[in-house]
Amino acid sequence: MKVSRRFQLSVHTILFIAVYGDEKGLTCDYISNELKCNPIVIKNILNILYKNNFLTKGSSISNIRLKRNIKDITLWDIYKITDEVDINNIFCSDDLQIASPIVSDLPELLSPAFGEIMNSIKDILSTVSVDSLLKKYNY
């Protein structure tokens with residue numbers, strides 16, 4: 001399993017806002033500069049976070065703040081808005097050119113195992129809050 005760049009950047013952005021959100025001038029450009037990331041990418045991440053009620057828009061463009069308490073934001077919350085969670089779409093066997101009943105039934109055979117794996121991932125990521133991550137780094 002891979003962790004998407006969008007998930008990593010979303011976590012990083014939330015951590016950054018949690019630490020520096022009270023500073024004046026916290027803008028998309030400021031965040032992208034500090035994270036050494038393209039402003040368009042950060043703008044897209046911020047839009048995802050706004051759309052999913054992680055951030056609140058202030059009266060000005062330079063007032064990016066968390067809407068939810070850092071104790072209430074888990075890695076699972078972030079993962080499910082940034083990565084595909086649908087277990088039914090995990091297999092990409094449409095392009096396989098092998099005429100075999102095993103290949104055509106493979107997703108059906110493996111889905112229960114991957115469903116259990118996703119449930120384990122959910123259970124573990126749900127226990128890790130933004131607050132607990134910041135405490136590990138003394139913030």
Side-chain angles (χ1 to χ4, degrees):
M1 181 180 132
K2 291 184 179 182
V3 175
S4 74
R5 177 139 171 84
R6 186 172 24 186
F7 171 74
Q8 295 175 58
L9 283 172
S10 295
V11 171
H12 201 169
T13 300
I14 288 173
L15 291 170
F16 188 83
I17 294 168
V19 172
Y20 301 107
D22 292 332
E23 290 186 10
K24 186 178 179 181
L26 196 56
T27 65
C28 176
D29 288 334
Y30 181 78
I31 295 169
S32 64
N33 187 48
E34 291 296 313
L35 300 183
K36 309 284 189 261
C37 189
N38 185 314
I40 300 295
V41 173
I42 295 299
K43 183 177 181 180
N44 290 337
I45 295 293
L46 290 173
N47 284 333
I48 290 169
L49 296 172
Y50 282 126
K51 185 176 124 185
N52 288 280
N53 294 315
F54 285 80
L55 302 178
T56 183
K57 291 183 181 183
S59 58
S60 71
I61 215 165
S62 63
N63 197 13
I64 298 171
R65 294 180 187 263
L66 291 175
K67 186 174 189 175
R68 297 164 56 183
N69 188 296
I70 57 175
K71 293 178 182 178
D72 299 328
I73 302 172
T74 67
L75 291 182
W76 177 250
D77 296 329
I78 301 166
Y79 182 85
K80 66 185 178 185
I81 67 166
T82 58
D83 286 3
E84 182 69 40
V85 180
D86 185 5
I87 195 68
N88 297 318
N89 294 326
I90 198 167
F91 301 102
C92 303
S93 59
D94 295 341
D95 59 349
L96 293 176
Q97 302 297 318
I98 303 169
S100 166
I102 295 172
V103 172
S104 64
D105 293 339
L106 196 57
E108 187 178 316
L109 291 170
L110 297 178
S111 287
F114 279 91
E116 288 182 41
I117 291 167
M118 285 307 299
N119 284 334
S120 295
I121 290 170
K122 176 184 176 184
D123 291 345
I124 293 168
L125 291 180
S126 294
T127 66
V128 182
S129 69
V130 169
D131 182 53
S132 67
L133 293 174
L134 290 172
K135 285 179 180 173
K136 285 184 182 181
Y137 292 99
N138 298 318
Y139 281 103

Using the rule that Ile, Leu, Val, Met, Phe, Trp and Tyr join whenever any side-chain heavy atoms are under 4.5 Å apart, tell me whether Ile124 and Ile81 fall into a single cluster. no
Is there a path of hydrophobic side-chain contacts, each under 4.5 Å between heavy atoms of I, L, V, M, F, W or Y residues, that connects Leu49 with Ile40? no
Rounded to the nearest 0.5 Å, how far does [atom2] of [Y] lie from [atom1] of [X]?
X: Phe54; Y: Ile17; atom1: CZ; atom2: CD1; value: 11.5 Å
X: Ile45; Y: Ser32; atom1: CD1; atom2: OG; value: 12.0 Å
X: Ile73; Y: Asn52; atom1: CD1; atom2: CG; value: 11.5 Å
X: Leu75; Y: Ser132; atom1: CG; atom2: OG; value: 7.0 Å
X: Phe7; Y: Leu125; atom1: CZ; atom2: CG; value: 6.0 Å
X: Leu15; Y: Asp131; atom1: CG; atom2: CG; value: 10.5 Å

Beyond-backbone contact of [X] with [Y], side-chain heavy atoms, under 4.5 angstrom:
X: Leu46; Y: Lys43; answer: no
X: Arg5; Y: Val41; answer: no
X: Tyr50; Y: Ile64; answer: yes
X: Thr13; Y: Phe16; answer: no

Taking all heavy atoms of [X] and all of [Y], pick out the closest pair and write down the distance.
X: His12; Y: Leu35; result: NE2-CD2, 3.2 Å
X: Cys28; Y: Pro39; result: SG-O, 3.5 Å
X: Tyr20; Y: Leu26; result: O-CD2, 3.6 Å
X: Ile70; Y: Leu66; result: CG2-CD1, 3.6 Å
X: Ile78; Y: Thr82; result: O-OG1, 2.9 Å

Above 12 or not: heavy atoms from other molecules or residues under 6.0 Å from CD of Gln8? yes
Do Thr74 and Asp77 have a side chain donor and acceptor closer than 3.5 Å? yes
